[in-house]
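Read through the structure below, which is laid out as structure tokens, and then see the notes.
Small disclaimer: the values here were computed from a predicted structure and weren't measured.
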Amino acid sequence: MFPLGDAQLGAFTFFASALPHDVCGSNGLPLTPNSIKILGRFQILKAVTHPRLCQYVDITRGKHERLVVVAEHYENSLKDLQKQGKPVSHVKVLQVAYEVLEGLEFMNRHRMVHRALAPHNVLMDCKGSIKLAKFGLYHMTGHGADVDFPIGYPSYLAPEVIAQGTFHPHDPSRNETPLPSGPKTDVWSLGILLFELCVGRRLLQTIDISERLKFILNLGCMDDIVTVLAEEHGCLEIIKELPENVVALLRKCLTFLPSKRPTPAELLRDSVFEGISSNYKPFQKPVSLFSSSLRCARLDLPEDIGELCQGEEEDYLAERCIDEVYYLWCLAGGDLEKELTNKEIIQSKPPVCTLPNLVLEDGECFGQGRDRSFLLDDTTVTLSLCQLKNRLKDVAGEAYYPLLEDEQSSLPQSNSSNELSAVATLPLIIRERDTEYQLHRIILFDRLLKAYPYKKNQVWKEARADIPPLLRGLAWAALLGVEGDIQAKYDAIDKDTPIPTDRQIEVDIPRCHQYDELLSSPQGHVKFRRVLKAWVVSHPDLVYWQGLDSLCAPFLYLNFNNEALAYACMSAFIPKYLYNFFLKDNSHVIQEYLTVFSQMIAFHDPQLSNHLNEIGFIPDLYAIPWFLTMFTHVFPLHKIFHLWDTLLLGNSSFPFCIGVAILQQLRDRLLANGFNECILLFSDLPEIDIERCVRESINLFCWTPKSATYRQHAQPPKSVGGDNNGFSKSSSYFSTDDQDLPKTDLSREPIKLSELKAELSPRISAEDLIDLCELTGPGHFKTPTKRIKSSKPKILAVDIRSSEDFHRGHISGSINIPYSTAFGPDGELVQCAANSTLQSFKGRVIVVISNAMKSGAAFAAHLVKVCYPKVCILDGGINKMKPTGLLTVPSPQI
């Protein structure tokens, strides 16, 4: 989007047609409200950016099918030139014509027609350049089918439009529908506008509207429409004095037959503009973040360098994009309906005045007539930015240009920097509603993303604090490593040829997050279908499983106008977190995943694990939708956004921690209930505090050794190191999947699923044990992980071999508790010195070391049964450690 500059924010409102309440669609579902249809079509208008078009910013849906549209606005328009009551110079007329045609031609390339050209909708900025307003009204209303008022103004409508008459889309007596207007209808409207500018008066305004329409239709019998209009309004002499190219332009625009009338694109190339077209440069759309084109900033400097520093009065806010300004305006307390109510555009009425008509048996009707407030009032209300500017008055100019290389602080300095630092410690929901804080975060992320992928690491670093909602879509794409010409890749996928999956996709889409207005719109369904089908077609080795639509929903919502980016993000997300989940036979992948999750419950909360196992409430009964959809099936979108902001910073093991965190929020109810009550509890999941869930997930993640979540069906490693996973320096050891590292003799070995299910506690690799114990050995021995000795959680290695085997060689710092003597007949730990040490380490990571894995797993299971948390088993036992030379043999006592 373009910077705000000298533009203002304007809002106008209208009503969509109401639908009957007792009618359903062909699928048996209620009909989609027309306001939802309009809202869906509107979205593409935000992506149609051109210097000759007023930028659309937002649309909101209110009560009774009311819609409020926000767009770029200017106070001056062609109506002001008409008010002067004198002809406009032919140079100005040609300039207006050329600039209007530029806007119309750009619209036509996007398959749009204005249809509502009128003097008050042709705005002018401070330089006098043309800006077309309300150009999207015809498109968003489905060519006028979803509203009860006509699109356009009778004085400016083309004859072919008037000849169609009026249509009501919901009139059962009429089956025909109006033909959509083409680009040539706007050329006629432009001709009327230019004619009025040339003669200095309004046309057909003094004639009754029915006579006006008859007159326009009768123009088809005339050879020279321009001359007839001039004679009708007594301005023939003015027309005769116009230059030939201006008269020629008027005649080409006011050609009665559409077949002979030129299009905007043809007129732009016409010889009438030979003397003016050279003054305009072709519009070049800014290069998007993900494309094959080179991105570079314009570094043109003014002739007077002093112009760069205009003093303290410089309006830095005007340099920000218009959508950013509107977003901040809303945060600063902006209320669209309140603004329109203050200007009396929205008028509230007592309930008694809104009663419907009453019809008696004899047909006599009592009550009010049609409420004209439901017709179009195209008044645009300017939204005041005073409240926003007052809110940001203490923000220094330097905050708008943060230094990205400054490592001392990620927050720009300002007069209120102390307040800003205080806000950064507040809950996320408060930070997202703080105007000044969001300004700083938006500016910082905007600059970092423009430098992507060069600044990818800093994007990761800043995302650990939070991600501004306005830039969440692009930030997620950066965190997922999306690069390259994504649009070309997406366009190359066949999304039209029917495939067997089409039927299932059609069934799933109307049930996926349909509480959201955007995703429930027909446009949302179309985009859903295209993105899902693109993924299925481009992954022939995988299949469509129910739940894929839920995975797609967050990406589509955030990138509604960029299907290619939604598809690219989804394609990067699934291999990272759901590798091979969508195989035709995914049972082995799912079962391994659920088994590891069960071990994670036992690792972090043995009491809860024991209870759930006793009542037979296994993860298979509730957790499959969690992980198959990465929680999008169980949480609404606004919670998913906060959850995934953190999920994308973690690796493929982080979802286990989210699952455990959810269970811990329900812990008391689960422990107090049996199997049937737990089933009912999860059939209608209670409210989950998502911020607490995220916070606890990070804590669980940092306490989980990386190899404890090893899965042989996880995504193979792509590279050594360089992974940006993790949440803090203190947790850097625990922030990488075991499969992200190169395999060595000390790595975890894959085992059969049956063996994995038989073990209650997770295994960890010898690499993990060496690093956790901070063991050092011969110079030739090196571990592939980067060790940070500070802030590591303490661990205890428990060697359960016999005393003789222990003294032949053991890990330094480990304690010996022979398995045969550890537990009494009731399963409790026998009191001894070693067991006291074990008791003192309760709550820390305990690694069980044995000769045989079965005995190690049994010992660990006993510890879990007596509620010891963070218990794990050394994979491969003591034999894995013997080749390292790290075993210690105690000196003989003298």
Side-chain angles (χ1 to χ4, degrees), residues 1-3 286-291 293-299 316-317 319-325 327-328 331 392 395-414 417 420-421 423-424 428 431-432 434-486 554-555 558-559 562 565-566 568-569 572-573 576 641-642 644-650 722-729 735:
M1 287 191 177
F2 297 110
V287 178
S288 62
L289 182 60
F290 303 102
S291 69
S293 303
L294 294 176
R295 305 195 314 272
C296 57
R298 291 186 61 85
L299 301 178
Y316 294 102
L317 198 61
E319 299 176 11
R320 305 307 305 172
C321 293
I322 191 169
D323 61 329
E324 292 180 13
V325 176
Y327 180 75
L328 295 171
L331 292 180
L392 302 177
V395 178
E398 293 83 358
Y400 292 86
Y401 304 95
L403 297 176
L404 301 183
E405 301 300 331
D406 183 10
E407 297 182 356
Q408 295 180 358
S409 174
S410 62
L411 296 174
Q413 297 298 316
S414 69
S417 58
L420 209 59
S421 300
V423 172
L428 180 60
R431 281 178 277 156
E432 288 188 346
D434 186 275
T435 310
E436 186 177 352
Y437 182 80
Q438 284 301 308
L439 171 70
H440 287 82
R441 299 300 289 172
I442 288 171
I443 291 173
L444 181 59
F445 266 83
D446 179 58
R447 297 201 71 193
L448 290 174
L449 289 169
K450 285 177 179 176
Y452 176 83
Y454 175 65
K455 289 293 182 183
K456 181 178 180 180
N457 287 338
Q458 277 194 267
V459 173
W460 276 83
K461 176 184 175 183
E462 294 299 332
R464 292 187 185 113
D466 54 59
I467 296 175
L470 187 65
L471 298 175
R472 181 173 275 126
L474 291 176
W476 279 12
L479 295 178
L480 287 167
V482 174
E483 292 183 22
D485 192 354
I486 59 174
F555 297 120
L558 294 176
N559 304 286
N562 194 340
L565 186 55
C569 289
F573 181 90
K576 182 175 180 181
F641 293 149
H642 290 168
W644 280 19
D645 281 350
T646 304
L647 173 68
L648 293 177
L649 295 171
D723 197 315
N724 289 292
N725 295 324
F727 302 97
S728 66
K729 289 184 178 180
S735 63

* Compare every heavy atom of Val459 with every heavy atom of Ala478, then report the nearest pair and how far apart it is. => CB-CG1, 4.1 Å
* Looking only at heavy atoms, what is the nearest atom pair of Leu449 and Leu289, with distance? -> O-CD1, 3.0 Å
* Structure fact -> Heavy-atom closest pair (Gly473 atom, Leu558 atom, distance to 0.1 Å) is CA-CB, 3.9 Å
* Would you give the length of the straight line joining atom CZ of Phe641 to atom CD1 of Ile467, rounded to the nearest 0.5 angstrom? => 11.5 Å
* **Contact summary for Pro469 and Gln438, nearest pair of heavy atoms** => CD-OE1, 3.4 Å
* Asked: Hey, what's the ring geometry for Phe555 with Trp476, parallel, tilted or perpendicular (30° and 60° as the breaks)?
  -> perpendicular
* Show your reasoning for whether side chain to side chain contact (heavy atoms under 4.5 Å, CB included) applies to Asp446 and Glu324. => CA-CA 10 Å; Asp446 179 58; Glu324 292 180 13; 4.3 Å; yes
* Structure fact -> Here the gap from Leu448 atom CG to Glu462 atom CD, rounded to the nearest 0.5 Å, amounts to 6.5 Å
* State the NE2-CG distance between His440 and Leu392, to the nearest 0.5 angstrom. => 9.0 Å
* Structure fact -> d(Leu649 CG, Arg464 CZ) to nearest 0.5 Å is 7.0 Å
* **Closest heavy-atom pair and its distance - Ala477, Phe290** => CB-CZ, 3.5 Å
* Asked: Is it true that a side-chain atom of Arg320 and a backbone atom of Leu439 form a donor plus acceptor pair closer than 3.5 Å?
  -> no
* Structure fact -> Tightest non-hydrogen contact, residues Ile443 and Pro402, listed as CG2-CD, 3.5 Å
* To do: To the nearest 0.5 angstrom, please state how far the CD1 atom of Ile442 sits from the CZ atom of Arg447.
  => 15.0 Å
* To do: Compare all side-chain heavy atoms of Leu647 with those of Phe573 and state whether any distance is below 4.5 angstrom.
  => yes
* **Side-chain ion pair, Arg472 and Glu432, N-O less than 4.0 Å** => yes
* Asked: Counting N and O atoms only, with roles assigned by atom type, does the side chain of Arg441 sit under 3.5 Å from a partner on the main chain of Asp466, one being a donor and the other an acceptor?
  -> yes
* Structure fact -> CG of Leu565 to CG of Leu474, rounded to nearest 0.5 Å, is 6.5 Å
